[in-house]
Amino acid sequence: MTAVVTNIDRTRMLDLIEDGAQVVDVLPEGEYTAQHIPGAINIPLKRLDVEATAVLRRDKPVVVY
Amino acid sequence: MSPRAACRLERHGFDQVYDYTAGIADWKAAGLEVEGEEDTGLTIADATRPDIPTAQPQEVLGEVLERTTGAGWDEAVVVDCDGIVVGRLRGDAWSADPATTVSEAMELGPMTVRPDGQLRPLVGRMEKRDTRLVVVTDPQGRLIGALLSEDAVRLAAGEAPELVWRDCEGCPGRWAPVPITR
């Protein structure tokens, strides 16, 4: 199966959150600590490997920002 | 940064990956709530009232005036069918023939501010220019509400307005007027 990353706007983002999507803030930890979208978890881009993504469910949408 | 992250997730086998490329800057610009330790101070959203009357350009002025005064306001914001602010009805505009259309009577292209702007500097500018009301929109120009100078001054001084425009708990992104408790 070929997955395609979909770019979304804020309206779609809100819909996905309401539908239970997992929101991942990929900014550095310091920026996440200062401010992040409510409910987002932090996996900085530098640490975005198989081990770090183990906390994410594969059966639910994932939104990154 | 997020496009690279999205691609990496895709490589790791995730097949429902979305990239909110506009990110937290866009989120904040729409006045949506953020979490974190950073104290951003009071924002315009904190003092914005959501209940200012609205009118459509094709409506009849007299009916809008009745609705507006009935709601306890002396001003209405004109929005198109997408909620984009296109005009303002206030002051002399109400003196036009009640049978005229809103589009003929309205003030075009009103100044607007974003909800994530800092409140205190705006209060200073409003006082300096004797501005009583500022229209608040999201980055796309859709109406969020109105900032009244008396609310802004009271909030900046530490008092609470009766209503504010905030994200509601348990329904992210769905806005609702709630009382401030301080």
Side-chain angles (χ1 to χ4, degrees), chain A, chain B residues 1-41 43 45 82-84 114-116 118 137-144 166-176 178:
Chain A
M1 177 175 177
T2 304
V4 177
V5 174
T6 306
N7 291 323
I8 58 167
D9 62 12
R10 189 174 60 251
T11 305
R12 184 81 176 105
M13 174 72 164
L14 291 167
D15 288 342
L16 282 165
I17 290 173
E18 191 166 285
D19 291 343
Q22 307 162 95
V23 181
V24 180
D25 182 332
V26 297
L27 296 170
E29 189 180 345
E31 291 183 42
Y32 171 84
T33 303
Q35 269 185 351
H36 56 267
I37 291 173
I41 65 166
N42 184 218
I43 307 179
L45 182 62
K46 285 183 178 177
R47 293 198 289 109
L48 192 60
D49 54 20
V50 174
E51 190 180 345
T53 58
V55 297
L56 299 172
R57 287 177 56 171
R58 289 167 186 273
D59 59 339
K60 294 174 72 178
V62 182
V63 186
V64 295
Y65 72 90
Chain B
M1 192 175 282
S2 61
R4 288 161 61 197
C7 286
R8 205 173 288 182
L9 280 171
E10 186 191 328
R11 279 208 309 275
H12 291 326
F14 288 85
D15 57 13
Q16 299 179 72
V17 182
Y18 299 85
D19 183 4
Y20 179 35
T21 44
I24 196 163
D26 174 71
W27 182 271
K28 285 164 56 186
L32 294 169
E33 191 177 350
V34 293
E35 290 178 344
E37 295 175 356
E38 186 173 292
D39 179 10
T40 56
T43 65
D82 293 320
I84 306 285
R114 302 287 91 77
D116 62 325
Q118 293 296 302
T137 70
D138 73 8
Q140 285 71 44
R142 278 187 290 268
L143 179 67
I144 288 179
R166 275 195 185 283
D167 198 13
C168 59
E169 285 184 27
C171 47
R174 300 292 183 252
W175 293 73
V178 294

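The chains referred to below are lettered A, B, ... by the order of the sequence lines, with proteins before strands, and numbering in each begins at 1. Only this structure's heavy atoms are used, side chains among them; waters, hydrogens and symmetry mates stay out.
Of all non-hydrogen atoms in B/Phe14 and A/Val62, the two that sit nearest each other are CD2-CG2, 3.9 Å. Here the shortest heavy-atom pairing between B/His12 and A/Leu48 reads NE2-O, 3.5 Å. Of all non-hydrogen atoms in A/Ile37 and B/Trp27, the two that sit nearest each other are CG2-CZ2, 3.6 Å. In plain terms, the two heavy atoms of B/Leu9 and A/Leu56 that are nearest each other are CD2-CD1, 4.0 Å. Smallest separation of non-hydrogen atoms from B/Tyr20 and A/Val63: CB-CG1, 4.0 Å.
At a 4.5 Å heavy-atom cutoff, the contact between A/Leu16 and chain B is made by side-chain atoms alone. With a threshold of 4.5 angstrom between heavy atoms, A/Asp25 does not approach chain B through any atom at all. When heavy atoms are compared at a cutoff of 4.5 Å, A/Arg57 approaches chain B solely by way of its backbone atoms N, CA, C and O. For B/Arg8, the part lying under 4.5 angstrom from a heavy atom of chain A is the side chain only.
Residues B/Asp138 and A/Arg10 meet the side-chain proximity criterion, which asks for heavy atoms closer than 4.5 Å.
More than 12 heavy atoms of other shown residues, nucleotides or ligands fall within 6.0 angstrom of atom CZ in A/Arg58. Atom CD of B/Glu35 sits in a crowded spot, with more than 12 heavy atoms from other residues, nucleotides or ligands closer than 6.0 Å.
Contact count against chain B (heavy-atom pairs under 4.5 Å) is highest for A/Val26 among A/Thr11, A/Val24, A/Val26. Ranked by heavy-atom pairs under 4.5 Å with chain B, the first of A/Thr33, A/Val23, A/Leu27, A/Asp9 is A/Thr33. For the options B/Gly13, B/Ser2, B/Cys7, heavy-atom pairs under 4.5 Å to chain A are most numerous at B/Ser2. Heavy-atom pairs under 4.5 Å with chain A peak, among B/Pro3, B/Gly23, B/Ala5, at B/Ala5.
The line from CG of B/Asp19 to CD1 of A/Ile8 is 7.5 Å long, rounded to the nearest 0.5 Å.
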